[in-house]
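Since we're looking at a predicted model, the values are computed, not measured. Labels below follow one simple rule: chain letters A, B, ... track the order of the sequence lines, proteins then strands, and each chain is numbered from 1.
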Number of protein chains: 4
Amino acid sequence: MSANANSPAAPSAGRPRSEEAHKAILDATLELLVEVGFSGLTVEGVAQRAGVGKATIYRRWPSKLPLVVEAFSQLPALEEIDSGDLVEDLIAMLRSYLQIVNQTPLATVLPSLAGERAHNPELSKLFDPVMKERRQPLIRALERAIARGELAPGLDVDLAADLIVGPIAVKVMNGIRVSPRSVGAIVELALRGIRGTDGRTDGARAPGPT
Amino acid sequence: MSANANSPAAPSAGRPRSEEAHKAILDATLELLVEVGFSGLTVEGVAQRAGVGKATIYRRWPSKLPLVVEAFSQLPALEEIDSGDLVEDLIAMLRSYLQIVNQTPLATVLPSLAGERAHNPELSKLFDPVMKERRQPLIRALERAIARGELAPGLDVDLAADLIVGPIAVKVMNGIRVSPRSVGAIVELALRGIRGTDGRTDGARAPGPT
Amino acid sequence: MSANANSPAAPSAGRPRSEEAHKAILDATLELLVEVGFSGLTVEGVAQRAGVGKATIYRRWPSKLPLVVEAFSQLPALEEIDSGDLVEDLIAMLRSYLQIVNQTPLATVLPSLAGERAHNPELSKLFDPVMKERRQPLIRALERAIARGELAPGLDVDLAADLIVGPIAVKVMNGIRVSPRSVGAIVELALRGIRGTDGRTDGARAPGPT
Amino acid sequence: MSANANSPAAPSAGRPRSEEAHKAILDATLELLVEVGFSGLTVEGVAQRAGVGKATIYRRWPSKLPLVVEAFSQLPALEEIDSGDLVEDLIAMLRSYLQIVNQTPLATVLPSLAGERAHNPELSKLFDPVMKERRQPLIRALERAIARGELAPGLDVDLAADLIVGPIAVKVMNGIRVSPRSVGAIVELALRGIRGTDGRTDGARAPGPT
DNA sequence: TCGTAAGCGAGACGGTACGTCGAGTCTTGCT
DNA sequence: AGCAAGACTCGACGTACCGTCTCGCTTACGA
């Protein structure tokens, strides 16, 4: 087939799928996630709220999980910020992110999906890339810092990201509201650990593999 | 005193509840959590597996959530270890804990329950104390270190605990298996952040509380 | 065995069964039959109403059917009346009986039990003798009339009884209230049929048996 | 008129209800009535036998009673017979009817429904018209006889019908098989009562209303 | 007089059916 | 074709009773 991947363009017969319906469904999904939570969410409810037939939903998503994943992936992620200074970047990114977390179903949906992952390989396949993508701004900020010499070249950026994000994630998961103002202390602590002693980057002794 | 404060309750009429059934239910619940996950768990399935009537379950737990919480809280938590050295304590505790995590439904159940918390205040009431209790060994290890002078007296132990546990939790939630051998690096990094700049215990310059 | 079949009297050890409980159970059964009907009657409900444990009921009756049969058989039946005149006997008996029917759950219970009979041989064994006994006053009144020469000697009394009782039974079953005043007409018609053509007792031309 | 009065209703959106399922449900209901009786009949069993979901049953009938009524009302009733002679009509009708009674769950179901009537007004509303309709052939035969002069014009046809049907009904209810050959005697007796003395129609002195 | 066997109210036990709800599929007529 | 609507089969929900089984107790008999 000559068809380009970007424009499958299936000129297709019949009536084209309604973009309107698509959006209405995703919106309704997010609304309901906020209102009734993940386990209380029903496809029937989504269809009703979106003013759409159930079949229209199943035509697009094979089950409610991918639907929720797609709705979820519409939520704002970490905002890419590049001020030239790592600490500033991190603090700004996490502050704006926390505001989002505190206002959207993110904190609710994420653990549910994570819990489902283990027993649902298909979900895992959809969900993992989304999660990976979401932390990229953080990863890139760390990589810029390495490039600038602020951090040691051999640094395990993934571990570093976890060290920064971990405390916040744990608190959020446990239902402890995290004030945006407290990110300063967290970032400071995490960076101190990452940087190694007294600010000298000491990649050689950086933590080993996963 | 003839009436003991601990069991003032009615010695109660009627047949007493069966301890045997109670245990069978919790065991079946854990087994099924491993096999089908939280959302795939049905009360009907638990009853069948436990060889018990559904009513016997509902007589004890109002819904599947508190049931899962109780089953969950039976899982081993952090083992209390006191070697006299903080690093050794932490590494030993986390290593043994990770082995448990990798062998039980812990990693599956926890996020599901956490996700439900937000929309279910009753669950929250049951679940939060359980979670709090579970990290106590970690908290106590930190407090012992403070008492020994290994850590600064003004340290925010909760934040410190999150810094240690966070990276592991994040990885587990994302389905990344964490090898027990990698805890050394994590603890090292976290402690470096907690201790202050150069590994010297220097509470005076330790970060302030949240 | 010396033991008499009628009073095996099991001298019995242990506490004797409570007559009080027995009566309370039967009373509660009748009350509930009136209130919720046969199919709505539950043993649990009877136990509660009677202030009795379920086991106390099952110790006496193997299931709710025999219980209902016994409660039912406590209801007043046809009153034995012997005025010396057949018509008078029948009218008086049926009138008093209809008053009972209109005031007790008889009209409700009887069809339910009858319906159960077909698929429940045990019930049948208990119920049939009760039903047979209940029509005896009617049968005896007819037999007295034969003895007096009022009716033909060869008369099929069972059929005759059905002819008299039938119309009333059918109306009651269909929920049509039968006024005691209308029994005169029914008896008159039935007897006219039974007696033969012209009201003269003429057994010779009476219809043969089934 | 474009909109027919009989089906003015919405041609309705959505998938229409399946006639196939409807029939399968009614058939299964009758089968099970024969096998396990009315009180042994469960909606679950009907659904299974009919190869249908329970919801499909509850979508059509609010409970098992109306379902049974509808199934019941499908059973053959009295066959309309008009030979020009009352006795012949009655005998033929009752004979054919008895054959049906002896071969279908009629004798079982009817008393159960009748017993339920008293405590269930909704059932009563459904059931009474059905019962009324079922005796119409008998009523009409009597009315034809009146028109022909065979019976007195003032005759209470309802009472007459009860007089004919009553004895049979009572026997059937009591589990006594009624042979089709015995209807001759019953009809003869009943008619003799109805006709009044020696065959002369004597409407003037016919029994009064209920 | 005292033990012991049975009865007692209470209520938990393993089950089965209830009537409801949602999942995911299928079938209408309309666009 | 896609669409909204809504019926379809299936299976879990949480409840109510079934008939059985402990409990701790009361009651009356017979040793």
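Between Phe38(B) atom CZ and Lys64(B) atom NZ the span is 4.5 Å, to the nearest 0.5 Å.
Scanning for side-chain contact (heavy atoms from CB on, under 4.5 Å) contacts around Lys54(A) gives Val43(A), Glu44(A), Ala47(A), Tyr58(A), with sequence neighbours left out.
For the residue pair His22(D) / Arg17(D), no side-chain donor-acceptor distance below 3.5 Å is found, with atom types taken as modelled.
In terms of heavy-atom proximity, Pro111(B) sits nearest to Leu106(B) at CD-O, 4.2 Å. Contact between Ala118(B) and Thr108(A) at its shortest, heavy atoms only, is CB-OG1, 3.5 Å. Minimum heavy-atom separation, Ala50(C) to Ala24(C): CB-O, 3.6 Å. Shown here for Ser112(D) and Gly115(C), the closest heavy-atom pair between the two residues is OG-CA, 3.8 Å.
Proximity of residues 116-124 of chain A to DNA chain E (heavy atom under 4.0 angstrom from any strand atom) is not detected for any residue.
Taking atom CH2 on Trp61(C) and atom P on dC18(F), their separation rounds to 15 Å, with Å as the unit. Rounded to an integer number of Å, the gap from Glu20(D) CD to dA7(F) P is 17 Å.
Thr29(D) contributes a side-chain N or O that, together with a main-chain N or O of Ile25(D), makes up a donor-acceptor pair within less than 3.5 Å.
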B/S/- along nucleotides 12-19 of chain E (protein heavy atoms under 4.0 Å) is BBBB-SBB
